[in-house]
Amino acid sequence: LGQSFIFEALDDESRKDLAAFAHVKRYTAGDIIFDMGTPGQSMMAIAEGSVRVSMPTPSARDVTLSELHPGDIFGEIALLDGGERSANVRALTNCKLVVVERRSLLEVLNRDPALSIRLIELLCQRVRRSDERMMEIGFLGLPERLARLLLRITVTAPGTEEKPLTKLSLSQSEIAEMIGNTRETVNRCLRKFQKADLIDLKEGWLIIRNREGLEDVADFV
Ligand code: CMP
C-alpha cells in the first residue's frame, strides 16, 4: 500500500488497519475488473500491471478515459459515494491489485485526516483532467488533440518522467478510442505527422521523432 501516494502519507497504525482488511487479487490481460453501472464496495491500488478506464458510447465503441499504472488508485468513486461504478475497468496487462474494502477505509478516514486529504487531492486531479479533456474534445481540432495525447502518454507511462518514452506499441484503434475519433481519421492525421517528420510509424510501433514539433502542434489552440 505504501507504493501509492494515497497511502504513503498514513501513519503506521492507519496503514496496519487498512492492510489487515486488504487482500490481493490478480487479473490476466483482457480481464474485466468491473463494469460501469455495477455496485462497488471496494477500491483498488495497482501493485503491478496497468488497467484501462473506459466508458461505452452510443456507437458501442468504448472511449478510454485513462490508463492507470502501478501506484495508481481506482474504484474510489463508488466506494465513497455509495453509487454505481462510474466507468468500466479492464486489465491491460496481467495485474496484481490490492483491494481495500469500504468498511475499513471509512474507519481509517474517520480517524486520519491525511487519508481524506490525499483522496481529495486524487479527486481534484481527476476533475482537472476531465475538464481539460472536455475542452479538448469540444474545442480543439484532431491534430491538436492527437499531439497532446502523444505527448501525454509518452510522459505518463511508468518510470519515464525524466526520460519520456519515444516508442509506443499502441494500435491506431486504441489511439482513436483515447481521443474519441475513428481509426481512419486518426490514421490520416498520423500520416500527416509522419510526413512532417514529427513521428514515424514502423512495424506496429509509433516513434516520436520531434517532441518540440509535436508541442508546437499541441499548443496551436
Ligand atoms: P468507480 O466509479 O468506483 O469505478 C470506476 C473508476 O474509474 C472510478 O471509480 C475511478 O476510480 C475511475 N475513473 C472514473 N473516471 C475516471 C477518469 N476520468 N480518469 C481516471 N479514472 C477515472
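Numbering of ligands and ligand atoms starts at 1, following listing order. Side chains are part of it too, since the values below use all heavy atoms of this structure and drop only hydrogens, waters and symmetry mates.
Looking at E67 and S50, their side chains never come closer than 4.5 Å, going by heavy atoms from C-beta outward. Residues L92 and R52 have side chains in contact (heavy-atom distance under 4.5 Å, counting atoms from C-beta outward). Residues N88 and I32 form no side-chain contact, since every pair of their non-hydrogen atoms from C-beta on lies 4.5 Å or further apart.
Within the listing of ligand 1, atoms 9 (O), 10 (C), 11 (O) sit less than 4.0 angstrom from a heavy atom of E76. Ligand 1 places these atoms under 4.0 Å from at least one heavy atom of A87: 5 (C). Atom numbering of ligand 1 starts at 1 in the shown order; those under 4.0 Å from a heavy atom of F74 are 11 (O). Near A78, the atoms of ligand 1 lying under 4.0 angstrom from a non-hydrogen atom of the residue are 1 (P), 2 (O), 3 (O).
Close N/O approach between E84 and ligand 1 is not found [any backbone or side-chain N/O within under 3.5 Å].
The distance from atom CZ of R133 to atom CG of L140, rounded to the nearest 0.5 Å, is 12.0 Å. Distance check: L150 CG to R145 CZ gives 12.5 Å after rounding to the nearest 0.5 Å. Here R183 contributes atom CZ and L190 contributes atom CG; the two are 10.0 Å apart, rounded to the nearest 0.5 Å. Expressed to the nearest 0.5 Å, how far CG of L146 lies from CG of N181 amounts to 9.0 Å.
Under 4.0 Å from ligand 1, the heavy atoms of R126 that appear belong solely to its side chain. If you look at S66 next to ligand 1, the close heavy atoms, those under 4.0 Å, all belong to the side chain.
Scanning all protein heavy atoms for the shortest distance to atom 6 (C) of ligand 1 gives G75 N, 3.9 Å. Closest to atom 5 (C) of ligand 1 among all protein heavy atoms lies F34 CE1, 3.5 Å. With hydrogens left out, the protein atom closest to atom 17 (C) of ligand 1 is L65 CB, 4.0 Å, a heavy atom. The protein non-hydrogen atom at the shortest distance from atom 14 (C) of ligand 1 is S86 OG, 3.7 Å. In terms of protein heavy-atom proximity, atom 22 (C) of ligand 1 is closest to V53 CG1, 3.7 Å.
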- Message: As a quick check of understanding, evaluate salt bridge (Lys or Arg N to Asp or Glu O under 4.0 Å) for D17 and R111, giving each step before the final call.
- Response: CA-CA 11 Å; D17 284 353; R111 213 185 43 230; 2.9 Å; yes

